[in-house]
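Whatever order the structure lists ligands and atoms in, that order sets their numbers, starting from 1.
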Amino acid sequence: MEIFDMREFDGHELVVFGHDASAGMRAIIAIHSTALGPAAGGCRMWPYATTAEAMADVLRLSRGMSYKNAMAELPFGGGKAVIIGDSRKAKTAELFEAFGRLVDSLGGRYVTAEDVGTTTADMSNVARATRYVAAPGQAGGDPAPKTALGVYLGIRAAVKFRLGRADLKGVTVAVQGLGGVGRHLCGLLAADGAELFVADVHPAAVERVREQFKARRVPVEELLALDVDVLCPCALGAVLNSRSIPRLRARIVAGAANNQLAQDEDGAALQAAGILYAPDYVINAGGIISVSREYHGGASEAQVIADIQAIPARLTEIFERARRENRATNQIADQMARERLSKPARALVA
Ligand code: NAI
């Protein structure tokens with residue numbers, strides 16, 4: 001495997017393979033950048049078929065965290081870890097403690113957290129071996145409402161930019177996924193007068209939102225193609241792809257889901273279709289803003305809210321620059337993130 005030549009490698013500072021035979025732990029930690037602070041990003045547990053697949057995933061996710069943290073103006077760089085294994089069968093306290101020792105051996109260059117396949121309970125086992133772990137569920141609560149607030153403010157900014165409307169009264173929004181983020185978001189949108197169309201694979205989740213916020217239920221397979229002002233993906237990644245984009249009729253796509261674009265080129269396809277896309281890692285940063293403040297301790301709720309309120313201005317800057325340069329918004333966001341990473345850090349917080 002030519003790791004340095006992989007497309008995903010993209011200038012990573014450090015990649016570490018960890019192995020503990022007695023605990024059955026095989027993990028990779030990738031540190032993309034510590035230019036702005038210690039590399040922060042979650043630990044994913046997944047039954048990768050090959051090491052090459054695990055490597056490509058950890059590198060892609062790690063770079064993504066660099067961009068996300070840089071754009072949220074957090075004192076963190078970007079990193080990510082993957083544990084190779086089936087989270088339904090292979091989890092033990094010893095495995096996560098061994099992973100904690102691996103994290104600790106990096107002396108604070110990488111800070112881990114829960115991710116797909118890992119939980120806050122797993123992170124407390126990690127915490128037995130290292131202090132470089134943030135467990136949001138334990139430290140101060142669920143980040144989903146904070147993510148929802150950022151997405152709501154981001155939708156307002158996109159509606160103002162694309163539709164010239166100062167509020168959401170009568171604006172139609174289709175929300176895909178009514179979990180922690182989607183449900184809170186529906187509350188904020190409804191309170192602002194938006195008309196909601198919702199879908200979720202769990203009927204109970206739809207029922208709750210339908211009753212509470214007078215949302216209209218739409219079959220899951222029809223939601224993406226609704227003729228609405230805003231399409232708001234809050235469920236899965238890769239929903240914006242070469243098959244779905246030609247079917248979209250929304251004027252704006254702005255939602256919480258991570259990695260909404262199947263490929264970078266899909267951003268250009270949205271631009272060509274006249275659809276304004278709010279780059280996912282910029283609009284969904286409310287959760288990471290809240291978690292990172294908790295990790296450093298001492299930040300008031302008001303400070304966290306103030307940081308989240310900076311999201312709409314950041315998006316508007318991206319929208320304006322994309323229009324000026326006639327480029328896709330995801331390209332502009334990536335470029336802005338890279339510009340921030342190449343500037344010297346204001347303060348390194350260990
Ligand atoms: P969640 O797991 O609580 O909710 C996801 C919801 O989507 C579930 O109700 C699920 O039934 C539904 N769903 C799954 N497949 C679907 C489909 N094909 N069509 C319609 N609905 C479907 O997750 P959460 O926390 O609400 O996050 C939503 C998205 O936002 C995820 O992509 C997540 O990675 C991302 N995100 C979440 C953050 C947070 O603070 N929780 C922070 C940043 C991003």
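Remark: Gln335 CD to Arg327 CZ distance equals 4.5 Å, nearest 0.5 Å.
Judged by distance alone, the side chain of Ser62 and the main-chain N or O of His32 form a donor-acceptor pair under 3.5 Å.
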List, for ligand 1, each N/O atom that has a protein N/O partner under 3.5 Å away, with both atom names and the distance.
unit_1: ligand 1; atom_1: 3 (O); unit_2: Gly180; atom_2: N; d: 3.0
unit_1: ligand 1; atom_1: 9 (O); unit_2: Asp200; atom_2: OD1; d: 3.4
unit_1: ligand 1; atom_1: 9 (O); unit_2: Asp200; atom_2: OD2; d: 2.7
unit_1: ligand 1; atom_1: 11 (O); unit_2: Asp200; atom_2: OD1; d: 2.7
unit_1: ligand 1; atom_1: 26 (O); unit_2: Gly180; atom_2: N; d: 3.1
unit_1: ligand 1; atom_1: 26 (O); unit_2: Val181; atom_2: N; d: 2.8
unit_1: ligand 1; atom_1: 30 (O); unit_2: Ala256; atom_2: O; d: 3.3
unit_1: ligand 1; atom_1: 32 (O); unit_2: Ala235; atom_2: O; d: 3.0
unit_1: ligand 1; atom_1: 34 (O); unit_2: Asn258; atom_2: ND2; d: 3.0
unit_1: ligand 1; atom_1: 40 (O); unit_2: Thr147; atom_2: OG1; d: 2.7

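Tyr281 and Ala337 make their closest contact through OH-CB, 4.3 Å (heavy atoms, listed as atom of the first residue, atom of the second, distance).
For Arg323, the side-chain hydrogen bond (donor to acceptor under 3.5 Å, both in side chains) test picks out no residue, with sequence neighbours left out. Scored by the side-chain hydrogen bond (donor to acceptor under 3.5 Å, both in side chains) test, Asn284 finds Lys68, Asn258 as partners (sequence neighbours excluded).
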Distance-only criterion, 3.5 Å: show the donor-acceptor pairs between side-chain atoms of residues 184-195 and protein atoms not counting sequence neighbours.
unit_1: His184; atom_1: ND1; unit_2: Gly180; atom_2: O; d: 2.9
unit_1: Asp192; atom_1: OD2; unit_2: Tyr152; atom_2: OH; d: 2.7
unit_1: Asp192; atom_1: OD2; unit_2: Arg156; atom_2: NH1; d: 2.6
unit_1: Glu195; atom_1: OE1; unit_2: Arg216; atom_2: NH2; d: 2.8

